[in-house]
There are 2 protein chains.
Amino acid sequence: MDARKKRILGILIDDYIASAEPVGSRTLAKKYDLGISSATIRNEMADLEELGFLEQPHTSAGRVPSDRGYRYYVDELMPKRFITNDAVSRVKMAFQAPMREIAWFIHQTARMVSEMTGYPSMVVAPPVLEARLSEIRVLRLQSDTLLFLVSTDAGVVENRAVSVPEDLSVDQLGALAGEFSREFHGISIHELKDRILDPLARDAERYRSLWETLGGWMAAWNVYENRVTLAGPLSILQYPEFRDIEKVQRVLGFLEREGAVEELLKSALSSTESVQVMIGQESPVEAIWDCSVVTATYQVKSHVVGQVSVIGPKRMHYAEVVATVELVSEELSRALKWA
Amino acid sequence: MDARKKRILGILIDDYIASAEPVGSRTLAKKYDLGISSATIRNEMADLEELGFLEQPHTSAGRVPSDRGYRYYVDELMPKRFITNDAVSRVKMAFQAPMREIAWFIHQTARMVSEMTGYPSMVVAPPVLEARLSEIRVLRLQSDTLLFLVSTDAGVVENRAVSVPEDLSVDQLGALAGEFSREFHGISIHELKDRILDPLARDAERYRSLWETLGGWMAAWNVYENRVTLAGPLSILQYPEFRDIEKVQRVLGFLEREGAVEELLKSALSSTESVQVMIGQESPVEAIWDCSVVTATYQVKSHVVGQVSVIGPKRMHYAEVVATVELVSEELSRALKWA
DNA sequence: AATTAGCACTCTATTATCTAGAGTGCTAAT
DNA sequence: ATTAGCACTCTAGATAATAGAGTGCTAATT
């Protein structure tokens with residue numbers, strides 16, 4: 001791999017990323033001022049193909065990068081720090097907005113990433129079910145409605161209005177909240193769920209119907225077990241590689257399947273790199289073998305708690321996407337510091 | 001329009017809804033036991049075409065319902081109360097789950113409707129910005145974090161954790177909340193926003209930085225100005241009329257455009273019918289001229305506050321969709337009664 | 001008078017065939 | 001080592017041919 005080969009490979013991939021058309025030697029020679037003829041480029045391209053960086057859709061077409069070619073591009077060739085000041089300030093701004101429930105926050109993040117990159121984005125939320133309870137408060141909203149406010153070490157995760165048939169006084173409410181907080185402090189929501197659902201684990205006589213209500217509430221809480229938010233799935237329709245409806249369905253079907261994306265992104269957690277790129281068949285999931293996935297992790301208290309991810313055609317604008325995803329995940333880590 | 005014509009029209013539309021293929025006289029005669037020959041059916045079909053209920057894609061193809069044909073089908077021919085017990089219990093169940101923020105609730109509703117019908121669903125949320133404030137509570141979450149809990153006559157709409165630099169005592173907090181509640185009771189969130197953002201309208205000296213924080217919060221609140229949640233947009237990909245990516249983009253592009261759907265559905269508000277069907281070119285929006293939209297309104301305190309809507313190809317399973325949308329909107333009205 | 005069988009006609013979707021053009025690899029000249 | 005030249009390959013797109021489904025009309029039948 002001499003410098004000229006690298007140069008040609010880099011330019012070819014850039015051109016292909018921009019045009020989506022197989023790149024021929026003549027085009028390359030004419031369009032870019034390489035100082036060598038198309039014949040020479042042809043020879044180099046033949047070498048690059050032999051090395052496995054390029055492939056031909058068919059004998060008389062131009063060349064297209066192989067998975068390995070993209071890999072080399074991502075690791076060695078692509079421009080770094082490809083991000084505008086506008087983007088940086090947009091992201092910083094977004095995370096200065098006041099806090100809300102985590103689910104919503106994650107949702108907005110995914111939207112922003114998708115909008116900025118032009119590809120679908122998946123964001124994995126922190127594992128709320130494993131957060132430790134710090135406090136439970138109970139407020140009276142209306143005569144027959146209580147509001148439960150559950151704080152954890154990951155912030156306020158949940159609040160719910162619950163209709164309670166029993167008539168509890170203000171004092172009783174306070175006592176109830178205190179009791180809850182004491183009894184459940186430090187356990188995870190996951191455990192809380194089990195405890196409340198298990199009739200043996202609790203004093204069944206006091207606040208009977210309240211317990212039952214809470215039980216129902218908890219049982220319905222599995223919404224949260226899906227930690228992944230998908231945003232902007234339709235943006236892939238604009239790319240010519242997704243002209244084929246079948247392909248679109250295969251990919252988007254996978255992305256929409258609950259849990260599937262979470263599973264996929266787990267395989268990106270092992271790396272120590274802050275941003276990881278998964279190209280084509282490097283993915284364990286066949287449905288997305290002609291896609292690439294770029295994933296960054298974010299942290300709370302220096303523990304990885306979630307991921308910010310982008311999916312698109314292998315012909316992806318890697319430099320920009322990597323930079324964006326990295327920026328967002330960093331800012332997200334910062335924004336979650338209050339947790 | 002004698003009975004036989006109606007029968008033929010009804011069967012033809014049912015068949016076309018199921019098959020997506022133009023229906024010919026021979027097919028009709030063979031597949032359904034009408035007791036008349038294909039020639040007779042041909043004559044009837046020619047009449048129905050002349051009446052404007054059917055049209056031919058080209059001379060030697062079968063017939064396809066026209067907008068007017070679908071309209072007649074929806075108004076007169078289609079089976080009523082087309083809904084399974086399973087569906088009914090699913091919906092009732094869903095609305096028994098405990099309450100959460102309205103935005104989330106609406107989101108879940110849209111998802112359910114899309115899943116049940118197999119078409120994209122749009123749900124218009126109640127106009128939260130116009131709800132009247134009933135109470136504001138302020139809690140301390142952590143030493144430097146306050147939680148604002150805003151109740152309105154449409155329920156708990158919002159809660160936000162806000163970092164407050166000032167060190168307020170418990171008493172001060174209570175006083176603050178009381179002051180807020182008194183001062184702002186009965187005004188809309190819309191007005192609240194204006195008031196807080198206007199530095200002249202308030203005593204600038206007390207809680208200065210708190211006010212500023214709240215101002216920032218309010219300024220960012222325009223998220224809520226988009227009242228529409230879209231769910232399941234990808235489901236249209238499965239229908240053969242959306243084999244064409246261009247068309248998909250045109251329709252989904254419209255659905256994703258903020259405000260566009262809200263605008264469209266406004267035109268369905270005038271009717272006194274609980275469910276309204278908009279067929280093809282009956283829609284004011286050209287982008288969805290080969291779609292149909294089924295919309296039901298829901299109420300709080302017998303005021304219409306939002307809509308539940310489904311969009312799909314004109315060849316839509318109207319009976320089922322109408323029944324579903326009606327059921328969901330009724331249950332939604334019931335569930336929101338606590339407001 | 002309504003229905004039906006028969007038939008010529010129309011139109012599309014599919015398949016087969018042809019062609020231009022872009023790109024290649026190889027060879028010989030620079 | 002590079003490049004010009006050239007024969008060769010393969011696809012995308014255009015054109016032509018064909019089968020088949022469906023129609024409308026007419027004349028026969030009930």
Side-chain angles (χ1 to χ4, degrees), chain A residues 1-9 11-13 15-16 18-66 69 240-241 243-245 247, chain B residues 1-9 11-13 15-16 18-66 69 240-241 243-246:
Chain A
M1 272 310 262
D2 56 32
R4 195 171 71 183
K5 278 201 179 53
K6 286 189 189 179
R7 176 111 193 275
I8 291 175
L9 182 59
I11 289 180
L12 188 149
I13 295 183
D15 191 88
Y16 183 65
S19 72
E21 297 290 337
V23 186
S25 57
R26 172 199 292 274
T27 326
L28 223 45
K30 227 187 307 176
K31 208 158 149 192
Y32 305 93
D33 194 23
L34 286 166
I36 49 181
S37 76
S38 67
T40 311
I41 296 178
R42 260 201 299 286
N43 288 328
E44 293 286 41
M45 277 163 69
D47 289 352
L48 285 167
E49 181 166 358
E50 212 169 323
L51 289 166
F53 294 119
L54 296 179
E55 43 195 37
Q56 280 181 293
H58 52 86
T59 14
S60 72
R63 254 84 170 196
V64 158
S66 66
E241 29 272 279
R243 207 73 69 77
D244 175 17
I245 291 271
K247 203 164 160 185
Chain B
M1 271 310 259
D2 56 31
R4 195 171 70 183
K5 278 199 179 54
K6 287 189 189 179
R7 177 111 193 276
I8 291 174
L9 182 59
I11 290 180
L12 188 149
I13 295 183
D15 191 88
Y16 183 65
S19 73
E21 298 290 336
V23 185
S25 57
R26 172 198 292 272
T27 326
L28 223 45
K30 228 187 306 177
K31 207 158 151 192
Y32 305 93
D33 193 24
L34 286 167
I36 49 181
S37 77
S38 67
T40 311
I41 296 177
R42 259 200 300 285
N43 288 329
E44 293 287 40
M45 276 164 68
D47 289 352
L48 285 166
E49 181 166 357
E50 213 168 324
L51 289 165
F53 294 119
L54 296 179
E55 43 196 38
Q56 282 180 290
H58 50 84
T59 12
S60 71
R63 255 83 171 197
V64 159
S66 66
E241 28 274 278
R243 208 73 68 76
D244 176 17
I245 291 270
E246 307 281 320

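Sequence lines set the chain letters: A, B, ... in the order given, protein chains first and strands last, and positions in each chain run from 1. Model, not experiment: these values are computed from the prediction.
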Enquirer: Starting from P on D/dA1, measure out to CD1 on A/Ile41 and report it in whole angstrom.
Expert: 18 Å
Enquirer: Just N and O in the side chain of B/Arg4: are any of them under 4.0 Å from OP1 or OP2 of C/dT3?
Expert: yes
Enquirer: Would you kindly give the CG-to-C1' distance between B/Leu12 and D/dG22, to the nearest whole Å?
Expert: 13 Å
Enquirer: Taking the side chain as every heavy atom from C-beta outward, state whether A/Ile11 and A/Leu34 have any pair of such atoms under 4.5 Å apart.
Expert: yes
Enquirer: More than 12 non-hydrogen atoms from neighbouring residues, nucleotides or ligands closer than 6.0 Å to CG on A/Asp33, yes or no?
Expert: no
Enquirer: Return no unless some side-chain N or O of A/Ser25 is found under 4.0 Å from OP1 or OP2 of C/dT24.
Expert: yes
Enquirer: Report the distance from atom NZ of B/Lys31 to atom P of D/dA21, rounded to the nearest whole Å.
Expert: 15 Å
Enquirer: Quickly work out the A/Leu54 CG to C/dG23 C1' distance and round it to whole Å.
Expert: 14 Å
Enquirer: Just so I know, are the side chains of A/Glu21 and A/Asp15 near enough to count as touching, which here means a heavy-atom distance under 4.5 Å?
Expert: no
Enquirer: Output yes when a side-chain donor or acceptor of A/Ser66 lies under 3.5 Å from a complementary backbone atom of A/Gly52, and no otherwise.
Expert: yes
Enquirer: For nucleotides 12-20 of chain C, just jot down a letter per nucleotide in 5' to 3' order: B, S or -, based on protein non-hydrogen atoms under 4.0 Å.
Expert: S--------
Enquirer: Is there a side-chain contact between B/Thr59 and the phosphate of D/dT23, meaning an N or O under 4.0 Å from OP1 or OP2?
Expert: no
Enquirer: Rounding to a whole Å, what distance do you find between B/Leu28:CG and C/dT4:P?
Expert: 14 Å
Enquirer: With the side chain counted from C-beta on, respond yes when A/Phe53 and A/Lys5 share a heavy-atom pair under 4.5 Å apart, and no when they do not.
Expert: no
Enquirer: Tell me: CE of A/Met45 to C1' of D/dT3, nearest whole Å?
Expert: 16 Å
Enquirer: Could you tell me if the side chain of A/Ile36 sits less than 4.5 Å from the side chain of A/Arg4, heavy atoms only?
Expert: yes
Enquirer: Is the shortest side-chain N/O distance from B/Ser37 to OP1 or OP2 of C/dT4 below 4.0 Å?
Expert: yes
Enquirer: Return no unless some side-chain N or O of B/Thr27 is found under 4.0 Å from OP1 or OP2 of D/dG22.
Expert: yes
Enquirer: Do B/Leu54 and B/Leu9 make a side-chain contact, defined as non-hydrogen atoms from C-beta onward lying under 4.5 Å apart?
Expert: yes
Enquirer: Taking atom P of C/dC11 as reference, at what distance in whole Å does atom CD of B/Glu55 sit?
Expert: 17 Å
Enquirer: Is any side-chain heavy atom of A/Ser25 closer than 4.5 Å to one of A/Leu28?
Expert: no
Enquirer: Which nucleotides of nucleotides 24-30 of chain D have their base under 4.0 Å from a protein heavy atom (B), which only their sugar-phosphate (S), and which neither (-), written as one string 5' to 3'?
Expert: B------
Enquirer: Can you check the A/Asp47 CG to C/dT24 C1' distance for me, whole Å?
Expert: 14 Å
Enquirer: Five pairs per end, C1' atoms only: what is the angle between the end axes of the helix from C/dA1-D/dT30 to C/dT30-D/dA1, to 10 degrees?
Expert: 20°
